[in-house]
Amino acid sequence: MQPGVYRRLPIHPSHSIRTEIDRLANYSTGVQFHFQTDSSKLAVRVVLADNATMYHMPARVCGKSR
């Protein structure tokens, strides 16, 4: 695990995996964070690694524009 990097599989797997699977391992679909706080506000800053265009989703949902 590398700080600041979300990946579903190890960055350097012990065995070879298909290119398609390796690419999908970087997608954050379904990511969850569990924590506790007594703060009244919470802010999260996200930086997309790439243009998140997906044919089945509107651009504003994929991080392109608001």
Engineer: Which value, rounded to the nearest 0.5 Å, describes the distance between Ser16 atom OG and Asp22 atom CG?
Structural biologist: 10.5 Å

Engineer: To the nearest 0.5 Å, what is the distance between CZ (Arg8) and CG (Asn26)?
Structural biologist: 10.0 Å

Engineer: Counting C-beta onward and ignoring hydrogens, is there a side-chain heavy-atom pair between Leu9 and Ile17 closer than 4.5 Å?
Structural biologist: yes

Engineer: Is it the case that the side chain of Arg7 and the backbone of Pro10 share a donor-acceptor pair, with hydrogens and angles ignored and the cut-off at 3.5 Å?
Structural biologist: yes

